[in-house]
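Each chain gets a letter, A, B and so on, in the order the sequences are listed, and its residues count up from 1.
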2 protein chains.
Amino acid sequence: MTKPTAANRSGQLLEAAAVCFSREGFDAASMRAIADEAGMRTASIYYHFDSKDNLLVAVHEEALRRIGAATTAALHDVEGAWERLEAACAAHLVILLTEGTFVNAVMRPVPSKVEGRELIFKLRDDYESIFTDLINALALPQGTDRDTLRLMLLGAMNWTFTWWHPKEGPAPEALASIFVANLRTGLDVT
Amino acid sequence: MTKPTAANRSGQLLEAAAVCFSREGFDAASMRAIADEAGMRTASIYYHFDSKDNLLVAVHEEALRRIGAATTAALHDVEGAWERLEAACAAHLVILLTEGTFVNAVMRPVPSKVEGRELIFKLRDDYESIFTDLINALALPQGTDRDTLRLMLLGAMNWTFTWWHPKEGPAPEALASIFVANLRTGLDVT
DNA sequence: GTCTATATGCTGATAGAC
DNA sequence: GTCTATCAGCATATAGAC
């Protein structure tokens, strides 16, 4: 028997916020809708979180903690610099596309007026440093712009949620494989 | 002397809406703010457009018309399938990143509740068919997934507005060159 | 075509009982 | 910790004068 605790309910609330943010976007998601989703009243939210902006920051913290842990775990025991990059991409896409709501709420433009924007960007940068390291480990042609390569790959991945559907096209792992293979091997046959 | 006409003012209004949508996002941009930006009163907007949703659709129509024209024009006289792809990418990124407001307002997740979502997606698809054609013209290794390639490249490009800054990193044209070269040549030197 | 004035409803947030 | 009740403000949109 798990008795409901304050931490418990905060977690449920966070989950509810993630659902609403990912479904409607931050601005369109109302505190009422979040409260409904969590099965409580609007006012009760403010016992757990100071403001809506605060809630968005908390969702980012949790989402980036989760995806960071998943991506790091996926690297365990994988050898070869390109294979490790692919494994990280697969983990990133799996969690973004199929364990949807949480990470999904976060991989989109940050509303321009929220308090805590800076912190949100810092959290993202910290997560993305995993990819910086993986790309630094690659042997690349002299003069390759590794920063642009990272941003290109992350961009391709983060945009997938606008077009990917579970029923058609490649699964997340296959997508990662294709993205990395395209970059690794090159496509010009002329 | 150009006398203000209805069409004139509708255009100004559209421009104002694009500015506000790209600055704050659709949901956070108020009709008041748009009216301010256009130098008129809120109620006057409704003479030109039926609703806020309608205004978003109109902004998409104009933005995709512009970027479609720019990208097509950029292909004039360019030869070589890869060179043509790069030229289109350069045009796409130039207009997205430096002629900002209009296209910028459009290259982001579509709010889930707007009337006219279907039309917006159709407008996007029509524009992206330029890239479908360019990629179909490439000689690629057998078995290459051309759809995923297109979506990968467009994703990498469309995500740039979240990180690109005019003062640091590659210019839009250089970015296009790097993106396409990475895919064309491949990066594995082992 | 643009204005003033206003309708109606929803927003994030607070006060205070339990 | 969660509730009921409520605030003040802003949202989109409309009516009708000019």
### Query
Over how many whole Å does the gap from His48(A) atom NE2 to dG1(D) atom P extend?
7 Å
#### Entry: Nearest-angstrom distance from the residue atom CD1 of Ile45(B) to P of dT12(D)
9 Å
### Whole-Å gap separating P (dT2(D)) and CG (Asn8(A))
10 Å
### Summary
Of Ser30(A) and Asp50(A), the one whose closest nucleotide on DNA chain C sits nearer the 5' end is Ser30(A)
### Query
Can you list, by residue number, the residues of residues 31-44 of chain B that have a non-hydrogen atom closer than 4.0 angstrom to DNA chain D?
Met31(B), Arg32(B), Ala43(B)
### Query
Who passes side chain to side chain contact (heavy atoms under 4.5 Å, CB included) against Glu86(A), sequence neighbours left out?
Ser177(A), Val180(A)
### Message
Less than 6.0 angstrom from the centroid, inside 45 degrees of the normal: does Lys52(A) satisfy that with respect to the ring of Phe26(A)?
### Response
yes
### Query
Just how far, in rounded Å, is C1' of dC10(D) from CD of Glu24(B)?
14 Å
### Message
When you measure from the side-chain N and O atoms of Tyr46(B) to the phosphate of dA13(D), is any distance below 4.0 Å, counting only OP1 and OP2?
### Response
yes
### Query
Does His60(B) have any ring pair (Phe, Tyr, Trp, His ring centres under 6.0 Å) partners at least two apart in sequence or in another chain, and if so, which?
none
### Message
Measure CZ/Phe21(A) against C1'/dG12(C) and give the value in whole Å, please.
### Response
12 Å
### Task
Could you note down all residue pairs passing salt bridge (charged side-chain N to carboxylate O under 4.0 Å, His left out) where residues 126-145 of chain B supplies at least one of them, sequence neighbours left out?
Lys122(B)-Asp126(B)
### Query
Looking across every strand, which nucleic acid part, if any, lies under 4.0 Å from Ala28(B) by heavy atom: base, sugar-phosphate, or nothing?
nothing
### Partner residues of Asp188(A) under the salt bridge (charged side-chain N to carboxylate O under 4.0 Å, His left out) criterion, sequence neighbours left out
Arg184(B)
## Note on the structure
Sorted by chain and number, sequence neighbours left out, ring pair (Phe, Tyr, Trp, His ring centres under 6.0 Å) with Phe102(A) holds for none
### Task
Using ring pair (Phe, Tyr, Trp, His ring centres under 6.0 Å) as the criterion, list what pairs up with Phe179(A), not counting sequence neighbours.
none
## Note on the structure
Here the distance between atom P of dA13(D) and atom CZ of Phe49(B), to the nearest Å, is 13 Å
### Query
Taking five pairs at each end of the helix from dG1(C)-dC18(D) to dC18(C)-dG1(D), what angle separates the two helix axes (nearest 10°)?
10°
### Message
Filter on salt bridge (charged side-chain N to carboxylate O under 4.0 Å, His left out), then keep only pairs touching residues 101-117 of chain A, sequence neighbours left out; what's left?
### Response
Lys113(A)-Glu24(B)
### Residues in side chain to side chain contact (heavy atoms under 4.5 Å, CB included) contact with Ala16(B), at least two apart in sequence or another chain
Ile34(B), Glu37(B), Ala38(B)
### Arg9(B) vs dT2(C): side-chain N/O to OP1/OP2 distance below 4.0 Å
yes
### Task
Please identify each residue that fulfils side chain to side chain contact (heavy atoms under 4.5 Å, CB included) with Ser44(B), with sequence neighbours left out.
Met40(B), Arg41(B)
### Query
dC10(C) C1' sits how many Å from Asp27(B) CG, rounded?
14 Å
### Query
Should Arg66(B) and Glu62(B) be marked as a salt bridge (Lys or Arg N to Asp or Glu O under 4.0 Å) after you check the CA-CA gap, both sets of side-chain angles, and the distance that decides it?
CA-CA 6 Å; Arg66(B) 287 191 193 187; Glu62(B) 177 61 15; 2.9 Å; yes
#### Entry: Sole candidate of Leu13(A), Asn54(A), Leu14(A) that passes side-chain contact (heavy atoms from CB on, under 4.5 Å) when paired with His48(A)
Leu13(A)
## Note on the structure
When rounded to whole Å, the OH to P distance for the pair Tyr47(A) and dC3(D) reads 13 Å
### Task
Specify the residues of residues 112-120 of chain B, ordered by number, for which at least one heavy atom lies under 4.0 angstrom from an atom of DNA chain C.
none
